[in-house]
Visitor: 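Let me give you the structure first, and then I'll get to my questions.
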Amino acid sequence: QVQLVESGGGSVQAGGSLRLSCVASGYTYYNKRMAWFRQAPGKEREGVAGIYIGGGTPYYADSVEGRFTISRDNAGNTVYLQMNSLKPEDTAMYYCAAALGRRPNYGSDWYLKDSYDYWGQGTQVTVSS
């Protein structure tokens with residue numbers, strides 16, 4: 001089992017920055033995929049960014065490309081989401097997700113909710129105009 005705990009959400013004005021953290025416990029190996037999703041009221045949960053902890057290209061939704069950066073710590077147990085130039089439309093509950101192992105086609109399905117088996121409780125991000 002993998003437990004995920006997010007932190008770092010809050011309220012910020014448009015143009016500001018926040019950094020979210022997700023600490024994974026229960027599986028401390030690099031061989032896992034982790035991602036950030038978000039869900040705004042009345043909308044579907046959508047993939048924001050994904051990364052294979054063992055290394056490789058990170059993936060981003062078009063809506064956040066160039067503004068958000070996903071990264072991990074050296075131990076491979078914490079994933080960050082650096083969010084810059086925040087917009088009101090970024091307002092949502094942000095969730096961390098994880099799945100064990102590596103998939104050769106991760107680049108084509110990283111944004112799908114069904115690609116992940118473990119989820120955190122979420123952290124709220126509110127961006128005011």
Side-chain angles (χ1 to χ4, degrees):
Q1 286 285 351
V2 178
Q3 295 80 42
L4 303 173
V5 178
E6 305 99 332
S7 62
S11 297
V12 64
Q13 289 192 326
S17 299
L18 284 172
R19 188 174 83 154
L20 306 183
S21 299
C22 172
V23 178
S25 59
Y27 184 84
T28 58
Y29 304 101
Y30 279 61
N31 192 27
K32 57 182 179 279
R33 314 183 297 278
M34 295 185 71
W36 288 96
F37 283 73
R38 67 185 181 187
Q39 188 167 17
K43 294 189 176 181
E44 292 288 320
R45 190 171 298 190
E46 62 174 357
V48 175
I51 189 170
Y52 174 64
I53 299 300
T57 304
Y59 303 99
Y60 298 97
D62 290 345
S63 58
V64 307
E65 181 84 52
R67 299 188 298 122
F68 291 10
T69 302
I70 188 170
S71 62
R72 62 162 178 84
D73 69 345
N74 288 336
N77 295 324
T78 301
V79 170
Y80 305 99
L81 186 69
Q82 178 66 44
M83 305 185 295
N84 298 328
S85 302
L86 282 161
K87 304 175 181 180
E89 51 263 44
D90 294 318
T91 295
M93 185 71 78
Y94 282 70
Y95 297 91
C96 181
L100 304 184
R102 183 170 193 169
R103 289 170 58 89
N105 59 338
Y106 183 48
S108 61
D109 64 12
W110 71 267
Y111 58 93
L112 298 176
K113 300 188 297 293
D114 290 346
S115 295
Y116 303 91
D117 301 308
Y118 305 99
W119 293 85
Q121 293 299 308
T123 185
Q124 178 68 37
V125 172
T126 302
V127 184
S128 58
S129 58

Visitor: Side chain of T123, backbone of S7: donor and acceptor closer than 3.5 Å?
Guide: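 No; judged by distance alone, with no hydrogens or angles, the pair does not exist.
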
Visitor: Would the distance check show the side chain of R33 and the main-chain N or O of L100 forming a donor-acceptor pair, the cut-off being under 3.5 Å?
Guide: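 Indeed, once roles are kept as given, a pair shorter than 3.5 Å links the two residues.
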
Visitor: Working to the nearest 0.5 angstrom, can you tell me the gap between K113 NZ and Q39 CD?
Guide: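 Reported to 0.5 Å precision, the distance equals 8.0 Å.
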
Visitor: Side-chain heavy atoms nearer than 4.5 Å, only ILVMFWY residues, links allowed to pass through others: does that put L81 and L86 together?
Guide: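 L81 and L86: one cluster.
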
Visitor: Which heavy atom of V2 sits nearest a heavy atom of Y27, and at what distance?
Guide: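 Closest approach of V2 to Y27: CG2-CB, 3.6 Å.
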
Visitor: Nearest 0.5 Å, please: how far is CZ in R38 from CD in E89?
Guide: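 It is 8.0 Å, given to the nearest 0.5 Å.
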
Visitor: Check whether L4 and Y29 end up in the same hydrophobic cluster, where Ile, Leu, Val, Met, Phe, Trp and Tyr are linked by side-chain heavy atoms less than 4.5 Å apart.
Guide: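 As far as the 4.5 Å side-chain criterion goes, Y29 and L4 are connected within one cluster.
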
Visitor: Within the structure provided, determine whether M83 and V64 are in side-chain contact (heavy-atom separation under 4.5 Å).
Guide: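 No, every pair of side-chain atoms sits at 4.5 Å or beyond.
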
Visitor: In terms of hydrophobic clustering (I, L, V, M, F, W, Y; side-chain heavy atoms under 4.5 Å; direct or indirect links), are Y94 and Y111 co-clustered?
Guide: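 As far as the 4.5 Å side-chain criterion goes, Y111 and Y94 are not connected within one cluster.
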
Visitor: Mind listing the closest non-hydrogen atom pair of G47 and A61 along with its distance?
Guide: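 Shortest heavy-atom contact: O-CB, 3.4 Å.
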
Visitor: Just wondering, do W110 and I51 contact through their side chains at under 4.5 Å, heavy atoms?
Guide: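 I51 does not reach W110 side chain to side chain.
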
Visitor: Out of curiosity, does L20 fall in the hydrophobic cluster containing V79 (side-chain heavy atoms, cut-off under 4.5 Å, transitive links)?
Guide: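 Cluster IDs for V79 and L20 match.
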
Visitor: Kindly work out whether a path of hydrophobic side-chain contacts (I/L/V/M/F/W/Y, heavy atoms less than 4.5 Å apart) joins L112 to Y95.
Guide: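 Cluster IDs for L112 and Y95 match.
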
Visitor: When you look at CG of D114, are more than 12 heavy atoms from neighbouring residues, nucleotides or ligands closer to it than 6.0 Å?
Guide: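 12 or below, so no.
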
Visitor: Stepwise, does the side-chain contact (heavy atoms from CB on, under 4.5 Å) test hold for C96 with W119?
Guide: CA-CA 6 Å; C96 181; W119 293 85; over 6 Å; no

Visitor: Would you say Y52 and N31 are linked by a side-chain donor-acceptor pair, where the criterion is simply a distance under 3.5 Å?
Guide: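 Yes.
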
Visitor: Looking only at heavy atoms, what is the nearest atom pair of V125 and G9, with distance?
Guide: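 That closest heavy-atom pairing would be CG2-CA, 4.2 Å.
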
Visitor: Any donor and acceptor pair, going by atom type alone, linking the side chain of D73 with main-chain N or O of N77 inside 3.5 Å?
Guide: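 It does hold such a pair.
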
Visitor: Hey, what do you get for OG (S129) to CD (Q13), rounding to the nearest 0.5 Å?
Guide: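 It comes to 9.0 Å.
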
Visitor: Report, as yes or no, whether the 6.0 Å neighbourhood of atom OH on Y80 holds more than 12 heavy atoms from other residues, nucleotides or ligands.
Guide: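 Correct, the count exceeds 12.
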
Visitor: Any side-chain to backbone donor/acceptor pair from S115 onto D109? Under 3.5 Å, distance only.
Guide: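 Side chain of S115 to backbone of D109, a donor-acceptor pair under 3.5 Å: yes, one is there.
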
Visitor: Can you name the nearest heavy-atom pair linking K32 to A24, along with the distance?
Guide: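 Nearest pair, atom of K32 first, then A24: CE-CB, 4.4 Å.
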
Visitor: Going through the checks in order, is the side-chain contact (heavy atoms from CB on, under 4.5 Å) test met by Q1 and Y118?
Guide: CA-CA 8 Å; Q1 286 285 351; Y118 305 99; 3.3 Å; yes

Visitor: Between Y116 and F37, is the gap from one ring center to the other below 6.0 Å?
Guide: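 Y116 vs F37: aromatic centres under 6.0 Å.
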
Visitor: Between I70 and M34, does a side-chain contact (heavy atoms from CB on, under 4.5 Å) hold up when you go through it step by step?
Guide: CA-CA 10 Å; I70 188 170; M34 295 185 71; 5.9 Å; no

Visitor: Would you give the length of the straight line joining atom CD of Q82 to atom OG of S21, rounded to the nearest 0.5 angstrom?
Guide: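 These two atoms lie 9.5 Å from each other.
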
Visitor: Yes or no on side-chain contact (heavy atoms from CB on, under 4.5 Å) for T126 and Q124, after CA distance, side-chain angles and deciding distance?
Guide: CA-CA 7 Å; T126 302; Q124 178 68 37; 3.4 Å; yes

Visitor: Indicate the atoms forming the closest heavy-atom contact of A49 with Y60, along with that distance.
Guide: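 Distance-wise, the nearest heavy atoms are CB-CD2, 3.7 Å.
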
Visitor: For S85 and S17, which heavy atoms make the closest approach, and how far apart are they?
Guide: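 For S85 versus S17, the nearest heavy atoms are N-OG, 4.3 Å.
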
